[in-house]
There are 2 protein chains.
Amino acid sequence: MLNDPMVLTPIADAPQAEPEKRVRDRGATEKAILAAAKALLAQEGFQNFGINAVARGAGCDKQLIYRYYGGLNGLVDAIGADLGTWVKDRIPEDTGGMFLLTYGDLMERLSLLFLQALRDDPLMRRIVAWEVSENTEQVRRLSEARSKALATWLERMRGSLAPPKGVDPVAVNAILIAAIQHIVLSASAGGQCAGLALKTPKDWEKAEAALKRIVRGVYG
Amino acid sequence: MLNDPMVLTPIADAPQAEPEKRVRDRGATEKAILAAAKALLAQEGFQNFGINAVARGAGCDKQLIYRYYGGLNGLVDAIGADLGTWVKDRIPEDTGGMFLLTYGDLMERLSLLFLQALRDDPLMRRIVAWEVSENTEQVRRLSEARSKALATWLERMRGSLAPPKGVDPVAVNAILIAAIQHIVLSASAGGQCAGLALKTPKDWEKAEAALKRIVRGVYG
DNA sequence: CTTGGTTGTCACTCATCGGTGAGTAACAAC
DNA sequence: GTTGTTACTCACCGATGAGTGACAACCAAG
């Protein structure tokens, strides 16, 4: 495939555009593979996520995935490593000019932030869907990385605010997070959830209002 | 059980114990196929759900699936048809001796019933997981059957109780259902959800308490 | 120059998938 | 018996999956 002068070229001055010189650069190739894997997972989902597809997307041979990442498992680990920075990249740290006086203020804001961040990130959505659909080694690693990142973010944002007495914040927050994740997943898959349409901005306003109502109901 | 290849050699007086005489009974075969499909979906999930696997599980040739159900799509339709009776079979209609005076009473009870029913039904869990993971024709049909069954059940149980003013019951209930579904799916897949362990009965008590708290917070 | 390691490509094996066309076993009517 | 229908099995196809071993191109050190 590389330039071969011996090849008979009937057209002497034909543009040599197509050979597409592949540079010998391991670092660049590794990055291309990782990027292709993330893009593929985000766009196609975990159903069609495989060695062949990733190699195709990265424009290289699958052998290189085995060499550089040790196969799909290692590649998934590499994706998981990126996940640690997800919330940091995606969710603003400041309070957006609001004064968060109570735990309810905080959780209302965090819920909406999390909802929005998840809606905006197809890769993360696929990973969440993967988590609830399979229980393999690959998924477990991804899941662990994700939940750890989420937990540290939550802890950091909480600051010194204390939840009200009489509620179990871990359990309640788990349910809230579950609700947000499932709502976003359902919307992404079918445009609705349990009879509630989730397509237009108007639809989402209703969902957000209900979510706020729920958070306020439990946290005041 | 696939036919033993030795069957091809007609030994006249060989012990006929193992051939496992397959009766020529179309109805029985159809039921076997449907049962195998449901069992396979419940146990293995939608990942390994295919014509070959179902035929293997039903102990018949896959050709029969094409003949009797018109392929996988028709088979999925048949599964969906069963789904209509799910809530009727799984969830008690009576109030368990309670007087449901308010909408909050009702929704608290329904939430816990739904949670329990979903925890007890692996097939339904797989279908829910399928719904949020894919958007194919097959899934859409299943999803429609399920959501319709759920909606009619909810409507019937509601009776004449009216939700409190100022809340959007459709949106709020959608979020509650989403939360329940995701909690159960997460637990089933990884034994935890957002840092909340969900393995022991004790764990589930906490989750149920938090769920009740949330329902009461929004509906009073 | 030769040598050896790195980078990338190719050509395979083996398994499984969905799907199909041809053939066989049971049975009822004549 | 013969015939025709129904229930069922078998053998194969092309496509695609994961995984592996051998080889070509390149580059730097000796």
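Residue numbering restarts at 1 for every chain, and letters A, B, ... go by the order of the sequence lines.
The closest donor-acceptor contact from the side chain of B:Asp121 to the backbone of B:Ala117 lies at 3.5 Å or more, if one exists at all. When atom types are taken as modelled, the side chain of A:Ser186 and the backbone of A:Ile183 share no donor-acceptor pair closer than 3.5 angstrom.
For the pair B:Lys62 NZ and C:dC17 P, the interatomic distance rounds to 8 Å; values are reported in whole Å. What separates CD of B:Gln138 from C1' of C:dG18 is a distance of 12 Å, to the nearest Å. One can place CG of A:Leu64 at 11 Å from C1' of C:dT6, the figure rounded to the nearest angstrom.
Using bins of under 30°, 30° to 60° and over 60° for the plane-to-plane angle, the ring pair B:Trp130/B:Phe46 lands in the parallel bin.
Phosphate proximity of D:dA7 to B:Thr29: absent, as no side-chain N or O sits under 4.0 Å from OP1 or OP2. Contact check, A:Arg67 against D:dG19: no side-chain N or O comes under 4.0 Å of OP1 or OP2. Phosphate proximity of D:dA18 to A:Tyr66: absent, as no side-chain N or O sits under 4.0 Å from OP1 or OP2. A close approach under 4.0 Å does occur between a side-chain nitrogen or oxygen of B:Asn52 and OP1 or OP2 of C:dG18.
Side chain A:Arg24 to base D:dC26: a donor-acceptor pair is found below 3.5 Å.
Of the candidates C:dC10, C:dT7, D:dT9, C:dT7 carries the atom nearest the A:Tyr68 side chain, counting heavy atoms from C-beta on.
Ion pair B:Glu144/B:Arg140 not flagged as a salt bridge, since none of the NZ, NE, NH1 or NH2 atoms sits closer than 4.0 Å to an Asp/Glu carboxylate oxygen.
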